[in-house]
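Okay, so here's the structure we're looking at.
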Amino acid sequence: MALPNLPGNSFNPNLGKTRYHKSHHFDYRNEVSMMVGEEKPGIGGELLAGQKITPKNSVFPSGEGGNLPAWVAFDRQVLCFDAYFQEAVHEKREEQYRIRNSKIYFYLEDDSIQVIEPRMKNAGVPQGTLIRRHRIPRPAPYDDTFYTVEDFNVGNEVNLYSRIFKITGCDEFTHNFLRKLGVKVNAPEAVPADPYTKYRKAMDESMQPMRPYEKYDTLKQFLDHDRHVLRFYCHWDDTDSMFGDPRQMVLHYFLADDTIEIREIIQANSGRDAAPMFLRRARLPKEVSSLRQPGEKTDRTVLNVFGPTGHGGRYILDSLKTGAVHEEFYKDSDLMIGSVVSAWGRKILLCDADDFTKEYYRTKYGINNFTPIQYKGTPQGRRAREMPPYNGFGSEEDSLCSCMGLIPKPPRRDFVKFMEKDRHGLESNVLRFLARMDTTKPIDMDRRFIISYFLSDDTILVFEPPVRNSGIIGGKFLERGRVKKPDQPPYSTRLSEYYMAPDLYVGGLVIFNNHKFLLIDADEYAFRYMEQHSDEFPQANVDRIFEKLKELSKGKTEEVKSFFMRNDPSNTGNVQYEQFRNLLMQLSENRLAEHEIMTVGRHYMLRKDDDGVDLNTLAYIIQDLLRKHNFDININKLPDGLLQADANKCGYLHPEVVMTACKALRLPVPRDLVWALMTKCEINQEGLLKYDTFLQYLDWKNCPVVAPPNFQGTLDETWKGTMASKQVQVINYQALLNDAFGFAAES
């Protein structure tokens with residue numbers, strides 16, 4: 001007995017319910033009001049009475065592992081089914097229907113389907129992709145849904161766009177996947193035979209000859225020797241014909257099909273057209289015969305023909321080839337170094353071969369003698385090109401360029417050398433020498449000149465420092481430019497020789513425009529650069545100088561020992577540079593240059609911390625250089641850079657750090673002067689420099705240094721640095737005797 005529908009006797013269906021929203025069922029489409037939410041649930045997401053929602057995609061049972069979406073979990077996983085469909089054929093006697101096999105691919109990631117028909121030979125119908133990949137809807141009245149994985153199984157029929165496909169089988173992956181889904185996979189079914197296929201097969205079998213034709217199989221040779229080419233260097237002597245001359249050829253033999261091509265090597269200015277091919281690639285016959293008549297040369301010959309002409313005629317093939325025309329062609333066994341090949345009547349001699357060809361004949365035929373045949377004559381030396389003499393207009397290089405081509409071009413500058421040897425920070429790449437005139441005129445004997453050699457473009461600048469009350473105006477003596485060596489004809493067909501860097505050394509004599517200059521000294525940078533590049537400057541090569549000293553000291557061992565004993569009675573192992581120089585000059589009989597003696601002295605000199613320059617004088621010289629260049633360290637933020645480098649804010653930095661900061665700001669002071677100033681400033685026990693004192697000596701605006709009383713003028717701008725010869729004072733002759741002469745002085 002049911003309970004009455006009274007309060008307290010019925011259940012409240014909304015008890016515990018929290019969702020009361022309503023779905024949107026009605027809306028406008030194309031300005032027409034209609035119901036659009038047939039598949040949407042009712043109030044609170046509950047299904048309406050009689051409503052059943054079907055899933056839009058395939059539903060897979062949840063298993064172990066991560067909850068990944070289908071497009072990630074089933075990426076590149078495809079179900080493959082074997083199927084066929086029957087296609088009706090109208091108005092044809094041989095067939096009424098046709099069975100067409102196909103492959104159905106079901107992509108698990110998005111439920112898309114693709115149908116492909118395997119291509120068959122001479123099918124007569126378009127094959128390949130029948131249905132491109134996309135989601136296919138079910139047939140009406142369920143055309144609002146799409147096919148899912150539940151619709152596919154062996155034995156099922158699927159209707160794809162009104163074409164019924166019968167599934168007959170699947171692959172192993174599809175079989176295992178359907179079993180894991182709980183689907184019972186049916187047994188594979190047989191595909192019915194196609195009547196037309198059987199008809200074509202029977203027709204082909206009836207057309208098979210009783211004795212098949214002879215086959216020429218060249219596929220194996222092509223696959224084994226594709227891109228394998230034998231190369232021979234040939235010679236064709238055509239001097240017997242009128243206007244003929246010897247010609248060089250290259251013969252290529254293609255192992256893939258036994259064909260030959262010949263290319264001619266066209267020499268430059270030979271007067272011949274550069275034809276791409278001398279003999280086109282083809283099989284080359286050994287003997288030249290007349291042109292055959294049509295039908296005379298065939299693969300097969302007919303022995304007899306009987307019966308009516310046309311349909312119904314009979315013939316017998318000549319299996320013994322009694323009437324065949326045989327023609328011999330060149331093979332790889334016929335080609336050898338020293339062989340003569342007849343290329344349509346032209347006798348071509350094989351003179352040499354490449355490495356691949358030699359290895360091929362060595363492996364296949366066991367030939368090891370590949371002595372080439374000399375067919376080229378002795379090459380004639382190229383005649384030197386004679387240039388017209390210099391005409392006096394412009395430079396010699398400029399005039400020479402006008403003779404090199406129809407359109408004159410300016411001479412090319414060695415840009416790489418210019419970039420490498422140009423000024424980089426404190427590296428000036430300029431060699432400066434102190435010189436005097438080699439003359440007997442009293443007024444010119446006391447004149448001093450500064451010769452600057454610029455390594456970037458091999459130019460020379462001569463400057464004469466002004467001297468008070470000398471009666472000679474100082475300044476530029478010779479404008480910067482390349483200087484010719486003396487005793488050369490002014491108008492010659494050859495380029496003149498110019499002074500280069502190795503021609504300048506201390507003790508050398510140079511002549512600039514009929515003015516003789518004797519180089520008597522050089523700055524520290526010049527000596528250091530020449531010693532670092534001793535392979536370019538023989539006068540600064542210590543090893544080469546040692547060899548000279550060993551040759552000069554042969555038989556003079558006692559003389560050298562007695563000299564050092566006289567000049568060093570206390571046996572300290574050191575002598576003055578002037579005494580050392582006199583010994584070498586006496587020993588070499590003036591065959592050693594002054595630069596070579598100074599190089600040895602610099603190598604064995606005693607280096608002192610104090611260079612003999614007063615701190616006040618050194619600071620005044622540096623401030624004078626900064627004042628001339630208007631370089632303010634405060635404006636260029638040198639103190640800020642050193643303060644930033646001082647991480648501990650202790651007021652001390654390593655001298656290399658200070659030198660790097662000066663180089664970064666392009667301080668217009670030579671490196672030697674900066675380093676000398678740092679050595680004279682306060683340095684602690686750890687070797688760190690107190691940079692506040694160093695900056696104080698560089699600040700010429702706020703902390704100017706007064707000129708020393710004995711200072712004879714400021715350092716000239718073109719002569720930066722002190723003379724290197726003044727720094728060599730004392731020589732350690734003990735080390736010199738061990739290295740150069742091979743003995744030690746007696747104590």
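Just so it is clear, the values below take in all heavy atoms, side chains as well, and ignore hydrogens, waters and symmetry mates. We count residues from 1, following the sequence as given.
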Glu87 pairs by salt bridge (Lys or Arg N to Asp or Glu O under 4.0 Å) with which of Arg100, Lys92, Arg98?
-> Arg100

Arg263 side chain to Pro276 main-chain N or O, any donor-acceptor pair under 3.5 Å?
-> yes

Within the side chain of Asp111, is there an N or O that forms a donor-acceptor pair under 3.5 Å with the backbone of Ser58?
-> yes

Between Glu172 and Arg179, does a salt bridge (charged side-chain N to carboxylate O under 4.0 Å, His left out) hold up when you go through it step by step?
-> CA-CA 11 Å; Glu172 184 178 357; Arg179 287 186 58 189; over 6 Å; no

Pairs touching residues 274-285 that satisfy side-chain hydrogen bond (donor to acceptor under 3.5 Å, both in side chains), sequence neighbours left out | Asp257-Arg281, Thr259-Arg281

Kindly say whether Phe173 contributes a backbone atom to a donor-acceptor pair with the side chain of Asn176 at under 3.5 angstrom?
-> no

Say whether, by atom type as modelled, one donor and one acceptor occur between the side chain of Ser23 and the main chain of Pro41 under 3.5 angstrom.
-> yes

Describe, in one word, how the ring planes of His134 and Tyr161 are oriented to each other, choosing from parallel (under 30°), tilted (30 to 60°) and perpendicular (over 60°).
-> parallel

Measure up the His225 and His228 rings against each other and bin them: parallel (under 30°), tilted (30 to 60°), perpendicular (over 60°).
-> perpendicular

Among all residues two or more places apart in sequence or in another chain, which pass the side-chain hydrogen bond (donor to acceptor under 3.5 Å, both in side chains) test with Asp151?
-> Arg138

Taking side chain to side chain contact (heavy atoms under 4.5 Å, CB included) as the test, write out the residues that go with Thr197, two or more places apart.
-> Asp194

Any donor-acceptor N/O pair, Tyr361 side chain to Asn368 backbone, under 3.5 Å | no

